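For reference, the structure discussed in these notes is given below.
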Amino acid sequence: MPNTSEIPLIDVRVLPPAERHPRIFGVLTSLEPGTSMHVASDHDPRPLHYQIESRYPEQFDWAYLEQGPETWRVEITRAKSSGCDCCCGD
């Protein structure tokens with residue numbers, strides 16, 4: 001089990017709305033394959049999930065750690081690479 005103290009956490013509840021998604025995507029795109037980040041919110045971050053899936057299909061896994069009613073927390077994990085660097089995606 002990974003050490004959660006090493007997993008970056010973005011708590012959007014303390015960020016201005018204009019900074020939330022840019023901050024999340026900055027960390028998200030810097031994740032190495034197999035590593036995770038956590039996002040905490042005061043609402044279900046389902047729109048963020050859809051946005052990640054549309055921009056990066058099948059590149060990230062999404063798991064709820066807490067589902068309200070006051071706090072939602074999700075773990076987003078970059079999919080592990082198969083080692084193939086060709087254009088086939090395998």
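Starting from 1, each residue takes its place in the sequence as its number. Since this is a predicted model, take the numbers as computed values, not measurements.
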Just so I know, are the side chains of [X] and [Y] near enough to count as touching, which here means a heavy-atom distance under 4.5 Å?
{"X": "Thr35", "Y": "Thr77", "answer": "no"}
{"X": "Arg78", "Y": "Gln59", "answer": "yes"}
{"X": "Leu9", "Y": "Met37", "answer": "no"}

When rounded to the nearest 0.5 angstrom, what is the spacing between [atom1] in [X] and [atom2] in [Y]?
{"X": "Ile76", "Y": "Ile52", "atom1": "CD1", "atom2": "CD1", "result": "4.0 Å"}
{"X": "Ile10", "Y": "Glu19", "atom1": "CD1", "atom2": "CD", "result": "11.0 Å"}
{"X": "Ser36", "Y": "Glu6", "atom1": "OG", "atom2": "CD", "result": "11.5 Å"}
{"X": "Leu31", "Y": "Ile7", "atom1": "CG", "atom2": "CD1", "result": "10.0 Å"}

Between Leu15 and Arg23, what is the shortest heavy-atom contact and its length?
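So the two residues come closest at CD2-NH1, 3.5 Å.
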With sequence neighbours left out, what residues match His43 under side-chain hydrogen bond (donor to acceptor under 3.5 Å, both in side chains)?
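If we apply the side-chain hydrogen bond (donor to acceptor under 3.5 Å, both in side chains) test to His43, skipping adjacent residues, the hits are Ser41.
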Who pairs with Glu66 by side-chain hydrogen bond (donor to acceptor under 3.5 Å, both in side chains), at least two apart in sequence or on another chain?
Arg73
Show, in sequence, the C-alpha distance, side-chain angles and deciding distance for Glu70 and Asp42, and conclude whether the side chain to side chain contact (heavy atoms under 4.5 Å, CB included) test is met.
CA-CA 6 Å; Glu70 294 180 24; Asp42 60 359; over 6 Å; no
Looking at residues at least two apart in the chain, or sitting in another chain, which of them share a side chain to side chain contact (heavy atoms under 4.5 Å, CB included) with [X]?
{"X": "Thr29", "answer": "Tyr56"}
{"X": "Gln51", "answer": "His21, Phe25, Leu48, Arg55"}
{"X": "Gln67", "answer": "Tyr64, Trp72"}
{"X": "Asp11", "answer": "Arg13, Val14, Ala40"}

